[in-house]
Amino acid sequence: MGGPAGGPSAGRPATPGADSPGAQLAADGGARERSEQPEQPHQPQQPERTKQSKRAKRTGWRRLVPTWRMVLGGFLTVVLLVIGAFFLGYSLVKIPPANALAMKQANVYLYEDGTEIARDGDINRENVTLAEVSKDAQHAVLAAEDRDFYTESAVDPKAMLRAGWNTATGKGKQSGSTITQQYVKNYYLGQEQTVTRKVKEFFISIKLDRNEPKDKILEGYLNTSYFGRNAYGIQAAAQAYYGVKAKDLDPARAAYLAALVNAPSEYDVIAHPENKAAAVARWNYVLDGMVKKNWLSASDRAGMKFPMPKEATVPTNMAGQRGYLVRAVKDYLAKNNILSEDELAAGGYRITTTLEKSKQDAFVKAVNDQVMSKLDKKNNPVDKYVRAGGAAVDPKTGEVVAMYGGIDYVKQFTNNATRRDFQVGSTFKPFVLTAAVQNHSDTADGRPITPNTVYDGTNKRPVQGWNGGYYAPENEDQHSYGNITVREATDKSVNAVYAQMAVDVGSDKVKDTAVALGVPSDTPELIGSPSIALGVAQASVLDMAEAYATLANHGKHGTYTIIKKITKDGADVVDLPERTTSQAVSREAADTTTAVLQSVVQNGTGAPALAIGRPAAAKTGTAENDQAAWFAGYTPDLATVVSVMGQDPVTAAHKPLYGALGLARINGSGPPGSIWAQFMGDALKNTLASDFDLQIQPGADQTQPPPSSGAVETPGTGGQDNGGTTGTDTGGQDTQGQGQVQGQTGGTTGDTTGTTGDTTAGDTTGGTPTTGGTDTGTTTGTTGGSTPTTGGAGGSTPTTGGSTTGGTSPSGGTTGDGGTTTGTDMGTWGGQNPT
């Protein structure tokens, strides 16, 4: 039965707990609250907001920016991780026993067919105490490698970061290691460039610094550092370079040994004379550091001269050509960042080269037959200066197949095939022609430069269009050629023509072309000036062989290689750089040059190449003062360059070769050409001869005459007298370069007086002296002319002219050719040029 009417259950369903006191209070409170609030329109129910939801939400890109709480938390996390990793590494990494350098394996060097060339691996080291090393030597090494060694910690994080940054940004590979770290690497670990090794080095260095005194660490470092010449440690280095003990090293010699630690092979100024400037700069850096640290007085420093080391004494297992070949391989590996000298020192590598034993033997035999067996060092002092270098490159592969470094690595340490300190002479001229065709260059008067373009070949002709100063190169033997084609000028190696051509092309473009062909951009004296055409650059024999191989390969260039494969423990553990080939210059430019160099063989100084009985292209060259003579040439299958050089065996100074081998002078077509011909004949024996497949420059077979039918007007170098008013010039010339004098046939008397050296009448235009000078020429035509007995070289006999009297030239010689010439040359003659 239900309750009374109007009770709590009336009109609504019963709910559990509805009659409870709490429910009643809630109902009463709610009723009061509703009664106190004005009636609101109906609103959708909103969720209750917290304090966090009241903050503005991060929208858009702001959501990607971490808050300061996140940054702080991340930083603290990283710090804790670093600290944890440090203590973990410190506890886990133990100081290992010393590595067994004395037990290391030998490196084996092989010909391409697997025949052994040589093996190295014997350690040259004598450990000494720190007391047995002079204070100067200790200070020099500290100045070179770690000036704050005694006051700093075992590691220098700032230096490591700086070195890493410099290496990554291309400023050179740097270690950033302290002496302690370097000692740990040398003595406890190895030379491998891995993160694991660097981590171990870091922790071992810290532990070692806590456990060993600084003197002990320095002593260990001095005994384990590599100084080149297979010398490990300061004692062995002092003996190898100066023949003294470490305790007797003075500041100058100590500074050089300290400099070597940075680059042992590169800074050996005997093995690499071309790097002497860099070695001396490093030597100065060490000495300046000693002064800065008060280890050397400024006054003592000021009077020091660079102490040249002695010639190297090398193991007999490197005698003959073996040492040169091994040295070339090591230099190639280091230069191309394949293996460093330190990594090689670990040993165990089998290095197969591209060298072919039969061709290598043929090269040695050719040099011995054509030069070395003919020397008479007892009776002819100049013969003591004679050295030879050679290299042969396969044009299609870029592989070095043979190399001649010198008479014997034990007797002559410097590799004559790779050294860069002798001028290449006129073997550089083909690069000028290649640049002209490559750049579609014109002469100053607008004629295209082709092999048949006519130039003025007058001796000492000042170049035109060059704003770098006066330059008037001499031709070989002071010979003047007058109008001559580029092809003939190449046959005869005419300096006057090629210097002008270099200006017409642009000497910087000539340099760029040479570099594209394979001449290294850092070659000494490879500068953009007219002299570049004469071969003042000091490229190596191997550099030139690479460049000529590019010409032989129709302008396609791939850097040379001397390595086929490197293995260790039977596995190919070293990756070699992939060889890429590119069209360095157009085929038209390369082939046009080849065609002209074939003419040099047929008609010029390249005649020794005719002896091999197959198509060949070649060029000769002579360095200034006849200090070196070159023969560079190629067939389609092989490019070879040979140089005979003059060097004092005691002082290492360059020496002229006048009188060597009983010859008045050594030029390219002499001994170098004979070596080239014998080697190429033997190297290509039993192979099919192939012809050059040439695509030459359009118009190269068409003559490009001067703009007018008359002679090219050429500024002279002391006045030029061309004599009478009528008749036929018969061509006499003054080989000293003072002027050209020509006889007339049946002519009348012609007098010329003036400071310009030009004739006032006649059909031949004279030149202009560079700085003045008065020429007076008188030619009297009579019958029955006689030949002058005191005339200069090149004086001609008038066919029907009168008597010819030799006039006195400004250089003290006489000239005679149909008249008397008196002139004074006050201009710049310049020094002798390479030809």
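The figures here come from the full heavy-atom set of this structure, side chains too, leaving out hydrogens, waters and symmetry mates.
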Apply salt bridge (Lys or Arg N to Asp or Glu O under 4.0 Å) to D504 and R447, showing your working.
CA-CA 10 Å; D504 292 344; R447 291 171 292 132; over 6 Å; no
In Å, rounded to the nearest 0.5 Å, how long is the span from [atom1] of [X] to [atom2] of [Y]?
X: E488; Y: N452; atom1: CD; atom2: CG; result: 8.5 Å
X: L657; Y: R387; atom1: CG; atom2: CZ; result: 11.5 Å
X: N495; Y: K460; atom1: CG; atom2: NZ; result: 12.5 Å
X: Q627; Y: Q647; atom1: CD; atom2: CD; result: 10.5 Å
X: S493; Y: Y498; atom1: OG; atom2: OH; result: 8.5 Å
X: I527; Y: K511; atom1: CD1; atom2: NZ; result: 8.5 Å

For residues [X] and [Y], report the shortest heavy-atom separation together with the two atoms involved.
X: P615; Y: T635; answer: O-CG2, 3.5 Å
X: N459; Y: N475; answer: OD1-N, 2.7 Å
X: V519; Y: T523; answer: CG1-OG1, 3.5 Å
X: T490; Y: K619; answer: O-CE, 3.7 Å
X: A629; Y: P672; answer: O-CG, 3.5 Å
X: H557; Y: G518; answer: NE2-CA, 3.6 Å

With the threshold set at 4.0 Å, does a side-chain nitrogen-carboxylate oxygen contact exist between D477 and K492?
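Salt bridge: no.
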Side-chain donor-acceptor pair under 3.5 Å between [X] and [Y], yes or no?
X: S669; Y: N667; value: yes
X: Q370; Y: Q678; value: yes
X: D591; Y: Q695; value: no
X: D445; Y: T443; value: yes
X: D421; Y: H654; value: yes
X: T434; Y: T513; value: no

With W630 as partner, the option from V642, T620, V641, T622 fulfilling side chain to side chain contact (heavy atoms under 4.5 Å, CB included) is V641
Using the side chain to side chain contact (heavy atoms under 4.5 Å, CB included) definition, which of the options V541, T427, I675 pairs with S643?
V541
Beyond-backbone contact of S529 with W466, side-chain heavy atoms, under 4.5 angstrom:
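A side-chain contact exists here, since the closest heavy-atom pair is under 4.5 Å.
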Between W676 and P608, is any pair of side-chain heavy atoms under 4.5 Å apart?
no
Parallel, tilted or perpendicular: rings of Y634 and Y548 (30°, 60°):
perpendicular
Verify side-chain contact (heavy atoms from CB on, under 4.5 Å) between N625 and Q423, making sure each step is shown before the conclusion.
CA-CA 10 Å; N625 295 325; Q423 293 177 338; over 6 Å; no
